[in-house]
Amino acid sequence: MKHKNIIKQMTLEEKASLMSGHNFWNTKAIERLGIPSIMLTDGPHGLRKQGGKADHLGLNKSLPATCYPTAAALANSWDRTLVNNVGQDIGKEARSEKVSVLLGPGLNIKRNPLCGRNFEYFSEDPFLTGELASEMVKGIQSNGISACPKHYAVNSQEHMRMTIDEIVDERSLREIYLSGFEKVVKKSNPHTMMSSYNKVNGEYANENQHLANDILYSEWGFDGVVVTDWGGNNDRIAGLKAHNQLEMPSTNGITDKEIVDAIHEGELDESILDDAVDQLLSLIEKVRLDDKESVQVDYAEHHNKAIDAARQSMVLLKNEDNILPLKSGTKVAVIGDFAKNPRYQGAGSSLINPYNLSNPLKSLEDSFLNTVGYAQGFKRMGGKSSNLLKEATSLAESAETVILFIGLDESKEAEGVDREDLKLPQNQLDLVESVVQVNKNVIVVLVGGGALELPFADHVQGILHTYLSGQGGGEAVVDLLIGKHNPSGKLSETFPIQYSDVPSSDYYPGDQATSEHKEGLFIGYRYFETANLPVRFPFGYGLSYTTFEYSNIGIDGLTVSFDLTNTGEMAGAEIAQLYIEKVDSKIFRAKRELKGFDKVYLDPGETKRITIELTRRDFSYYNTVINDWEIETGNYKIQIGSSIREIHLEEIIDMDGVVSSVYLKNEFPNYASASVKAIPDEEFEKILGRKLPPKNWDLDKELGMNDTINQAQYKNWLGKTLYNFIILFHVFFKKIGKPLTANNVYFIINMPFRQIDRFSGGKVSKKTVELFLSWINR
Ligand code: BGC
């Protein structure tokens with residue numbers, strides 16, 4: 001124990017007191033022992049430090065800070081250096097504001113494109129996620145503060161995130177949901193990690209012995225502090241036993257007392273508390289900041305870097321007849337509310353108060369284009385308006401080219417709620433249809449944090465997806481449209497043709513007791529490639545204004561190299577991707593998987609030799625029988641492509657390994673063919689290694705502290721009234737055009753009763769909640 005001497009001087013109460021926050025964002029200090037308080041705050045794509053009232057849903061304002069593109073956008077850059085630099089900048093802003101722990105990056109895997117927080121996550125692929133998140137952590141921590149990767153683990157849905165039990169088999173857990181976290185721990189040594197709200201296989205993530213003790217600490221060697229997600233503590237003692245050293249925010253001493261009582265009653269060994277205090281003190285030692293230190297931030301420089309990050313992150317999805325880049329003097333009509341009122345980030349705890357905000361319409365007007373007019377085109381929050389439609393259509397008629405900004409409004413991608421569908425609002429689809437009737441040169445600019453259904457894709461000439469591009473997005477998009485910069489982003493997720501194509505579409509999100517990850521490994525491209533199904537745009541896809549050629553692949557041991565040449569007329573960057581495919585695999589697995597990539601900038605005519613180092617782990621699958629990674633012996637194709645569906649070079653390598661005896665294709669016929677849309681329970685139970693727990697709530701059971709108002713509606717008139725009352729408010733706020741408030745009201749329905757006393761800061765006591773529950777249970 002590193003801090004034995006100081007811990008010896010503490011009373012039991014003092015030690016327990018350190019295990020939870022002093023207030024919403026700070027830890028407790030013990031002045032007599034010189035232990036300072038440190039500040040933790042959001043994250044992840046900018047600093048959200050609240051000066052006044054605090055909350056974890058982005059309701060109250062925070063200090064101005066640079067808003068960078070969100071993780072889903074940054075991931076499209078596939079640029080390790082860029083993401084590291086963004087991390088450095090955010091870390092610097094945090095340090096200048098005396099923030100010791102920045103709550104990010106978010107690196108949950110995009111299991112399903114409807115997840116409300118996908119905009120905050122990197123990818124459907126764990127390799128890409130792990131590589132980029134590690135760089136973000138390194139960048140943030142280069143400032144002498146801590147990053148806090150989150151949410152560990154399997155926080156796959158927002159709906160009922162505080163109670164849902166994510167049922168996932170161990171192989172998928174290791175290969176898909178954990179390997180990004182594993183890479184981050186091993187490559188970038190984060191000083192803290194945030195546990196998620198949900199349960200994983202029956203235990204809250206925060207109390208999960210397997211996730212925390214077996215995997216995070218023992219196997220991966222994590223030596224930092226685990227912080228609860230805000231209000232994510234369930235049983236404080238179980239959390240402490242699973243290495244959760246810090247509960248946030250403050251509980252007004254309620255859970256500190258529980259710790260003291262548990263030690264007195266012999267339920268908790270004091271040495272566990274001592275170890276946790278020791279780890280927390282080590283963190284404080286690493287990241288404590290000097291009050292007198294002054295760190296100067298050049299916000300103008302950070303704004304320019306935010307513009308550059310946005311340029312690198314946008315993805316050109318279609319460019320028929322080279323409609324882009326637009327030439328000087330082109331008469332353009334700018335249509336769509338998002339051109340004038342940019343949407344550049346998502347809602348919830350990541351909401352940044354941007355220091356500066358560039359505007360697409362203004363940047364277009366300032367460019368060499370001849371902007372003939374702007375029309376709003378549609379009501380942002382939905383609903384028909386024939387006037388807006390007419391005005392936009394007649395403006396479209398008068399121009400040579402139309403730039404049409406469409407996308408998702410602020411309420412669609414938010415914490416606590418998942419999207420209802422993958423569609424753009426009907427009024428915007430009507431607008432596209434009307435505009436293409438009168439003008440053949442339509443370029444759609446998409447705004448939103450993820451995949452969308454694009455039914456009009458064949459009817460427009462150009463599509464540029466900006467994602468949620470941060471405060472510099474307005475300038476960046478124009479730079480790309482006019483060819484001042486060459487687009488280089490590639491999709492870090494698959495765009496299905498329609499939502500029903502997504503493997504988990506029939507059962508996502510789980511909406512009672514559990515969410516069954518029946519599709520196992522087959523999420524995103526792993527499903528579409530293996531099942532050989534059409535998609536709108538594949539993983540890794542994106543266009544450029546120049547062309548690239550791949551040649552001369554060579555393999556030496558596990559080192560792969562090849563030449564990449566810019567064969568076009570404009571300088572630009574290409575993202576070369578390396579996929580591995582097992583030849584004649586005996587076990588079920590994804591057809592091919594991403595295992596390497598490089599983003600390379602080339603002048604016209606220039607060739608560079610690219611080298612990618614592989615490791616044995618890149619060929620491995622997780623064997624739950626031996627609890628280790630192993631390689632199936634035999635041949636593997638090494639494929640180099642510009643997307644998962646455009647493979648240009650291929651070479652075979654032979655790997656030593658084992659003759660696999662697990663996951664054999666003939667024993668798992670549906671997984672073998674990736675027919676995972678309707679996996680029988682028995683086949684899922686076979687990979688799970690146990691019987692499935694009940695999917696639905698037991699409505700005869702008495703409600704307890706971990707249940708929700710959502711469940712109370714089935715109990716008696718009181719529960720039903722309460723539920724209806726909240727729904728009424730929810731609908732009211734939606735109707736009056738306040739969908740964000742409506743979201744937050746809805747959030748209450750899924751809040752477990754245990755949270756009420758904590759969030760009210762003890763104003764509504766545990767006893768009162770218990771009394772209320774007894775009435776509902778009557
Ligand atoms: C979110 C976290 C966030 C925390 C603090 C929670 O609601 O899930 O991502 O860091 O609030 O704002």
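As a basis for the values below, the full set of heavy atoms in this structure was taken, side chains included, without hydrogen atoms, waters or symmetry mates.
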Subject >> Name of the residue among Val502, Asp506, Asp501 meeting side-chain contact (heavy atoms from CB on, under 4.5 Å) with Lys677 >> reply: Asp506

Subject >> Partner of Leu240 under side-chain contact (heavy atoms from CB on, under 4.5 Å), chosen from Asp269, Ile259, Asp235 >> reply: Ile259

Original post:
So which heavy atom on Gly449 is nearest to which on Glu413, and how close?
Top reply: N-OE2, 2.6 Å

Original post:
What pair of heavy atoms forms the shortest contact from Ile497 to Arg536, and how long is it?
Top reply: CG1-N, 3.5 Å

Original post:
Can any side-chain N or O of Gln157 pair as donor or acceptor with the backbone N or O of Asp418 at less than 3.5 Å?
Top reply: no

Subject >> Expected output: side-chain Gln512 to main-chain Trp697 donor-acceptor under 3.5 Å >> reply: yes

Original post:
What residues form a side chain to side chain contact (heavy atoms under 4.5 Å, CB included) with Asp261, not counting sequence neighbours?
Top reply: Lys257, Glu265

Pi-cation contact, [Y] with [X] (under 6.0 Å, within 45°):
X: Lys518; Y: Tyr508; value: no
X: Arg171; Y: Phe588; value: yes
X: Arg589; Y: Tyr621; value: no
X: Arg754; Y: Tyr204; value: yes

Taking the basic N atoms (NZ, or NE/NH1/NH2) and the acidic carboxylate oxygens, is any pair closer than 4.0 Å for [X] and [Y]?
X: Glu175; Y: Arg526; result: no
X: Lys110; Y: Glu493; result: yes
X: Arg174; Y: Glu182; result: no

**OP:** Describe, in one word, how the ring planes of Tyr622 and Trp629 are oriented to each other, choosing from parallel (under 30°), tilted (30 to 60°) and perpendicular (over 60°).
**Re:** perpendicular

**OP:** Quick one: pull up OG in Ser134 and CG in Leu107 and give me the separation to the nearest 0.5 Å.
**Re:** 8.5 Å

Original post:
Can you check whether His517 and Tyr177 have ring centres sitting under 6.0 Å from each other?
Top reply: yes

Original post:
When you look at Asn743 and Leu740, which way does the side chain to side chain contact (heavy atoms under 4.5 Å, CB included) test go after all the steps?
Top reply: CA-CA 5 Å; Asn743 281 350; Leu740 277 174; 4.2 Å; yes

